[in-house]
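Working notes, beginning with the structure itself.
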Amino acid sequence: MTYDRIYQVIKQIPPGQVATYGQIARIVGDCSARMVGYALAALHDATDVPWQRVINSQGKISLRPDFGAAEQQRQLLEAEGVSFDSYGRIDLAIYGWPGPLGPW
DNA sequence: CTGATGACGGTGC
DNA sequence: GGCACCGCCATCA
């Protein structure tokens with residue numbers, strides 16, 4: 001699985017923190033954020049990957065509300081202590097994942 | 001094998 | 001700050 005690399009990085013995201021697609025792509029070594037997004041799109045409900053902690057550079061959920069996953073994602077993050085603003089965005093300056101090794 | 005598509009990012013206007 | 005275009009690579013028809 002080519003996405004395994006991406007999943008491994010996402011699994012390293014600690015609770016209460018979120019990471020952007022670009023962040024993941026950068027850590028993995030692949031600059032193509034699309035791969036990260038597509039990797040998550042291939043996920044299923046029963047997965048060990050905390051996909052809810054992966055958001056776009058805007059700090060928002062890219063998923064359309066059609067699937068209802070966005071709502072689930074928001075609830076999961078709120079349960080971890082991540083706060084959403086009135087725009088439904090996350091403050092990356094606070095909850096942004098610094099990286100697997102710490103402050104980058 | 002070719003073409004189109006997709007949970008995006010960055011840059012330019 | 002928002003919108004348009006390009007690139008990037010795996011997957012599907």
Any pair counted as salt bridge (charged side-chain N to carboxylate O under 4.0 Å, His left out), so long as it reaches residues 48-63 of chain A, sequence neighbours left out = A:R53-A:E80
Measure from CD on A:Q58 to P on B:dG10 and round the result to the nearest Å.
-> 11 Å
Residues 9-20 of chain A side chain polar contacts: donor-acceptor under 3.5 Å, at least two apart:
from, atom 1, to, atom 2, distance (Å)
A:Q12, NE2, A:Q8, O, 3.3
A:T20, OG1, A:Q23, N, 3.1

Whole-Å distance between C:dG1 C1' and A:K60 NZ?
-> 12 Å
Protein-to-nucleotide contact annotation, 5' to 3' order, nucleotides 7-13 of chain C [B base; S sugar-phosphate only; - none; under 4.0 Å, heavy atom] = BBSSS--
Tell me the salt bridge (charged side-chain N to carboxylate O under 4.0 Å, His left out) pairs involving residues 14-23 of chain A, sequence neighbours left out?
-> none
How many Å lie between CG on A:L43 and P on B:dG6, as a whole number?
-> 18 Å
State, with a plain yes or no, whether a side-chain heavy atom of A:L92 is found less than 4.5 Å away from one of A:I55.
-> yes
Mind checking what makes side-chain hydrogen bond (donor to acceptor under 3.5 Å, both in side chains) contact with A:R74, not counting sequence neighbours?
-> A:E78
Expressed in angstrom and rounded to an integer, what is the separation of A:Q52 atom CD from B:dA7 atom P?
-> 18 Å
Identify, with sequence neighbours excluded, every residue that meets side-chain hydrogen bond (donor to acceptor under 3.5 Å, both in side chains) alongside A:Y7.
-> none
